[in-house]
Number of protein chains: 2
Amino acid sequence: MINPYDIIPKYYQLANILRQKIREGEWPPRTPIPSERQLETQYSVSRTTIRQAIDYLEKQGFVYREHGRGTFVSPQKLQKGMQELTSFSEDMLRRGIQPGQVIQSIEYLLPPEEVLQRLELSPNTKVLRIERIRLGDGNPIGLQTSYLKLAEEQVIHREDLEATGSLYRILQDKFNIIPTEADETLEVTLATPSEASLLQIKAGAPLLLNERLLYNQNREPVEFVKILYRGDRYRYLTRLTK
Amino acid sequence: MINPYDIIPKYYQLANILRQKIREGEWPPRTPIPSERQLETQYSVSRTTIRQAIDYLEKQGFVYREHGRGTFVSPQKLQKGMQELTSFSEDMLRRGIQPGQVIQSIEYLLPPEEVLQRLELSPNTKVLRIERIRLGDGNPIGLQTSYLKLAEEQVIHREDLEATGSLYRILQDKFNIIPTEADETLEVTLATPSEASLLQIKAGAPLLLNERLLYNQNREPVEFVKILYRGDRYRYLTRLTK
DNA sequence: GTTGTAATGTGGTCATTACCAGTTATAATT
DNA sequence: AATTATAACTGGTAATGACCACATTACAAC
């Protein structure tokens, strides 16, 4: 079942197998999964590897351990990782809402000073700004403005973005930029007339402002994004882990 | 330097030593920490232990690894874990604001149906409700309503709460309930007249509603809490990790 | 029946050894 | 001088073996 000659690590293959059993309901929430010694013989790998696989699943929130008792399947909750959190599309799909977007602009320009500082860039540096209107079931939900720090040769075209619909997929597949961490803030603001007309609400209506600074796998800031959500149509979800 | 006869695990002691060096600035951000082989000889522990310690620091966000290059000190960011996130007091102190609270009520009662469901309780079960006004530098910032699932013998008195100021400290020290996970939602609402008067704002002013379901170390829900923050005086901070 | 205790099973820690997989500096080659 | 190979790093994966700490069960003693 475990392929030792694969480039994919054993613990990773094993974690996928176990995750599958949890997702398919073979092991319901709160039930113990086989003990580490059992899995050791069952899959013919060392306990080191077993523990590494379970470590991985625990970090993802699929299982939890109790010293002296066993390892148990976590009750399904929000179940969100970075991938889903940072992706508007996946977030919406998860909630059963059809995502969409209208790309308003995509161009290189000199961003506000604040953005340069957040992206750890020197003054007078141009960055890529993408302005989008986010849709849920066809109706406007949010206004998103992204500022991206990209190398010269890393070019994003309007068509790419329209085709995939996901900025993060492009970053990952084309530029090997893997989002690994993000700092976020959320606060309340009131809609300006222009924002209001784009979101099809009244000026002065309450909005949820979500700011995010995204880091790549080397902990370098790559994107600073502001999203203005309609207060009446959006709810922010998150899971905190110790 | 590492005490082998201590009950405290070696990897944990080692992690503390390394974290200390980072906090004190001995190892500035982006600089490599000693390699795993170097630490191995330096502290006379096995590489297993070294890696376990670094795993721990990495999970806490103090360092990051780059395959083939080394392990590096993370640039300081929000630096928040569960502890700080779930504790209003610590959150405020971190921002340089003097926290405070006015306990409005603390009593056992039948909560709304929604709360019973969230706490996985059967109908007609009484829970402890705590209503508090949260203060920042003496001024009202938020209205907090907590519903707690506690055993018969787990009693919280008004005096305890007033003395420590921290509900989570009581849960941890007296009842051995350790918050390990939480699901949160954030959305915008408008202040009702009564809420407005408590928060000293106008009725209809925008508020940030933060709901949280808190789990203990066994992944059982223990607290459901709603916090209504003044939109003009509060900003929610969080850090997402992959 | 109750209590204490030993056995057993669970995850937690740690050392040792080996090799693989990226990165980078250095030496050899051209 | 530029290029290419190599060696010497780095962290990543894996097996093996040992013992510890905690929880539960079985059972003997009372």
Side-chain angles (χ1 to χ4, degrees), chain A residues 1-18 27 30-59 62-74 176 178 180 216-219 242, chain B residues 1-18 27 30-59 62-74 176 178 180 217-220 242:
Chain A
M1 211 145 190
I2 305 275
N3 182 355
Y5 301 109
D6 208 317
I7 320 115
I8 301 170
K10 283 190 189 177
Y11 83 88
Y12 192 78
Q13 296 180 50
L14 183 60
N16 282 334
I17 292 171
L18 302 181
W27 295 337
R30 302 283 184 208
T31 58
I33 72 172
S35 76
E36 297 179 355
R37 270 81 170 185
Q38 281 172 23
L39 291 170
E40 197 176 348
T41 62
Q42 186 173 346
Y43 291 100
S44 302
V45 292
S46 73
R47 196 170 156 221
T48 310
T49 304
I50 298 288
R51 282 187 64 79
Q52 206 172 350
I54 296 178
D55 279 347
Y56 186 54
L57 290 177
E58 188 184 25
K59 203 156 61 177
F62 288 99
V63 299
Y64 60 96
R65 299 199 243 227
E66 290 189 36
H67 190 180
R69 302 225 312 129
T71 303
F72 304 85
V73 177
S74 296
N176 195 33
I178 302 167
T180 40
N216 67 7
Q217 62 269 41
N218 294 336
R219 263 61 179 182
K242 187 156 194 174
Chain B
M1 211 148 191
I2 303 276
N3 182 354
Y5 301 109
D6 208 317
I7 319 115
I8 301 170
K10 283 190 190 177
Y11 82 88
Y12 191 79
Q13 296 180 51
L14 182 60
N16 282 333
I17 292 171
L18 301 182
W27 295 337
R30 304 280 184 209
T31 58
I33 71 172
S35 76
E36 297 178 355
R37 268 83 169 185
Q38 280 173 22
L39 291 170
E40 196 176 350
T41 61
Q42 185 173 347
Y43 292 100
S44 302
V45 292
S46 73
R47 196 170 156 222
T48 311
T49 305
I50 298 288
R51 283 186 63 80
Q52 205 172 352
I54 296 178
D55 279 347
Y56 186 56
L57 291 177
E58 188 183 26
K59 202 154 63 178
F62 287 100
V63 299
Y64 61 95
R65 298 199 243 226
E66 290 189 38
H67 189 180
R69 302 224 313 129
T71 302
F72 305 85
V73 177
S74 297
N176 196 32
I178 303 167
T180 39
Q217 62 269 41
N218 295 335
R219 264 62 179 181
E220 296 158 348
K242 188 157 195 175

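Just so it is clear: chains get the letters A, B, ... in the order the sequence lines come, proteins before strands, and each one is counted from 1.
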Please enumerate all residues that pass side-chain contact (heavy atoms from CB on, under 4.5 Å) together with [X], with sequence neighbours excluded.
X: A/S35; result: A/R37, A/Q38
X: A/T31; result: A/W27, A/P28, A/V73
X: B/E36; result: B/R47, B/I50, B/R51, B/I54, B/R65

Atom [atom1] of [X] to atom [atom2] of [N]: distance rounded to whole Å?
X: A/K10; N: C/dA21; atom1: NZ; atom2: P; result: 13 Å
X: B/I50; N: C/dT16; atom1: CD1; atom2: P; result: 12 Å
X: A/Y12; N: C/dA21; atom1: OH; atom2: P; result: 17 Å

Not counting sequence neighbours, which residues clear salt bridge (Lys or Arg N to Asp or Glu O under 4.0 Å) with B/R69? List them please.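 Salt bridge (Lys or Arg N to Asp or Glu O under 4.0 Å) check on B/R69 returns B/E66.
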
Under the side-chain hydrogen bond (donor to acceptor under 3.5 Å, both in side chains) test, residues paired with [X] that sit two or more places apart:
X: A/Y11; answer: none
X: B/Q42; answer: none
X: A/S46; answer: A/T49

Would you compute the distance between atom CZ of B/F72 and atom CD of B/E58 and round it to the nearest 0.5 angstrom?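 It comes to 12.5 Å.
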
Base-contact (B) and sugar-phosphate-only (S) positions in nucleotides 3-11 of chain C, heavy-atom cut-off under 4.0 Å, - elsewhere: ------BBB

Touch check for B/T48, heavy atoms < 4.0 angstrom, all strands: base, sugar-phosphate only, or nothing?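 Here B/T48 touches the bases of the nucleic acid.
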
Which nucleotide span of DNA chain D, 5' end to 3' end, has atoms closer than 4.0 Å to non-hydrogen atoms of chain B?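 It runs D/dT10 to D/dT13.
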
Looking at C/dA15, I'd like to know if its phosphate oxygens (OP1 or OP2) sit under 4.0 Å from a side-chain N or O belonging to B/T49.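 Result: yes.
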
